[in-house]
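Data first, discussion second: the structure below is written as structure tokens.
Hydrogens, waters and symmetry mates play no part in the numbers below; they use all other heavy atoms, side chains included.
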Amino acid sequence: MAIQGALPVEFGTVFPHGAFALGVEAITDFETKRPQLDKESGLPLWAVDMIDADPEARGEAKSVKVKVAAQVCPTLPDEVPGLPFRPIEFEAMAVQPYVDDNGRRPRVAYSLRARGMKAPGAAGGRRSQTKDAA
């Protein structure tokens with residue numbers, strides 16, 4: 001099979017209504033309690049907690065985590081006056097399907113990854129520190 005690993009996807013395809021960042025935290029390995037490392041780059045993984053701005057999104061689909069591999073904790077875009085959350089766009093996104101068998105019956109779920117993040121519309125604007133910028 002020609003396709004292996006995560007599938008590249010555009011930010012606007014995953015979040016056509018945009019997204020808002022809530023915070024960033026390190027992802028730790030449950031057993032070793034050490035930082036979880038990205039299998040491709042070997043860099044630590046960080047989880048960006050975010051909200052899908054789609055007004056139709058409900059329940060678990062509304063709150064999403066996007067994994068970013070970076071040597072240091074990625075920096076969220078600046079706050080926007082008048083908004084309760086920080087608008088965000090992810091760069092070089094990929095989606096990894098997997099089987100989630102933690103429920104009563106297995107289902108296909110998706111893990112989202114990105115190489116970086118920025119404020120919406122910022123072409124070469126302030127990017128987070130990621131493996132490309134580190």
Side-chain angles (χ1 to χ4, degrees):
M1 181 174 200
I3 298 174
Q4 295 185 9
L7 304 169
V9 64
E10 293 293 321
F11 173 81
T13 301
V14 180
F15 300 108
H17 297 277
F20 296 100
L22 301 173
V24 182
E25 63 185 1
I27 300 175
T28 55
D29 184 281
F30 179 75
E31 294 175 5
T32 66
K33 305 295 187 231
R34 292 186 177 166
Q36 193 175 76
L37 302 178
D38 181 58
K39 292 176 184 172
E40 292 179 19
S41 67
L43 294 171
L45 283 172
W46 305 86
V48 180
D49 290 316
M50 40 127 346
I51 295 174
D52 187 344
D54 183 352
E56 301 293 319
R58 298 283 183 255
E60 290 180 12
K62 190 74 172 166
S63 177
V64 181
K65 289 184 188 269
V66 176
K67 295 178 182 178
V68 177
Q71 190 63 47
V72 296
C73 183
T75 306
L76 293 177
D78 292 332
E79 292 181 358
V80 175
L83 292 178
F85 307 110
R86 298 168 191 244
I88 193 169
E89 283 186 6
F90 291 96
E91 300 172 306
M93 287 193 76
V95 62
Q96 176 74 50
Y98 66 95
V99 176
D100 179 3
D101 55 4
N102 290 330
R104 291 189 306 193
R105 105 171 76 141
R107 67 180 180 90
V108 175
Y110 303 93
S111 174
L112 297 172
R113 293 179 176 258
R115 285 199 200 142
M117 56 188 181
K118 64 181 183 176
R126 185 174 162 238
R127 282 188 41 194
S128 67
Q129 285 193 352
T130 63
K131 72 177 183 178
D132 296 336

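Lys33 NZ: more than 12 foreign heavy atoms inside a 6.0 Å radius. The environment of CD in Glu10 is sparse: at most 12 heavy-atom neighbours from other residues, nucleotides or ligands sit within 6.0 Å. By the neighbour-count criterion of 12 heavy atoms within 6.0 Å, atom CZ of Phe30 is sparsely surrounded, having that number or fewer from other residues, nucleotides or ligands.
Between Val14 and Phe90, the closest side-chain pair of non-hydrogen atoms is not below 4.5 Å. Contact check for Met93 versus Phe15: side-chain heavy atoms found under the 4.5 Å cut-off.
The main-chain N or O of Ala6 is found under 3.5 Å from a side-chain atom of Gln96 such that the two form a donor-acceptor pair. Checking side-chain atoms of Arg104 against main-chain N and O of Asp101 turns up no donor-acceptor pair under 3.5 Å. One N or O on the side chain of Trp46 and one on the backbone of Ala70 form a donor-acceptor pair closer than 3.5 Å.
Under the 4.5 Å side-chain heavy-atom criterion for grouping Ile, Leu, Val, Met, Phe, Trp and Tyr, Phe85 is not connected to Leu76 through any hydrophobic cluster. Hydrophobic clustering, with ILVMFWY side chains joined whenever heavy atoms are under 4.5 angstrom apart, keeps Leu37 apart from Val24. A continuous path of hydrophobic side-chain contacts links Tyr110 to Met50 [ILVMFWY only; heavy atoms under 4.5 Å]. Under a hydrophobic clustering in which Ile, Leu, Val, Met, Phe, Trp and Tyr are joined whenever their side-chain heavy atoms come within less than 4.5 Å, directly or via other members, Val108 and Leu7 fall into the same cluster. Note on Leu45: it does not cluster hydrophobically with Val66, by side-chain heavy-atom contacts below 4.5 Å among ILVMFWY residues.
In plain terms, the two heavy atoms of Tyr98 and Ser111 that are nearest each other are CE2-N, 3.8 Å. Here the closest heavy-atom approach between residue Asp49 and residue Lys65 is recorded as OD1-NZ, 2.6 Å. Across Pro77 and Pro87, no two heavy atoms sit closer than the pair CG-O, 3.7 Å. Scanning all heavy atoms of the two residues, the minimum distance from Glu79 to Pro81 falls at O-CD, 3.9 Å. Nearest approach of Pro74 to Met117, heavy atoms of both residues: CB-CE, 3.3 Å.
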Open item on the list: Using salt bridge (charged side-chain N to carboxylate O under 4.0 Å, His left out), reason through Lys62 and Asp52 one step at a time and then give a plain yes or no.
Closed with: CA-CA 5 Å; Lys62 190 74 172 166; Asp52 187 344; over 6 Å; no
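Contact check on Arg107 versus Asp100 returns a salt bridge, with a Lys/Arg side-chain nitrogen under 4.0 Å from an Asp/Glu carboxylate oxygen.
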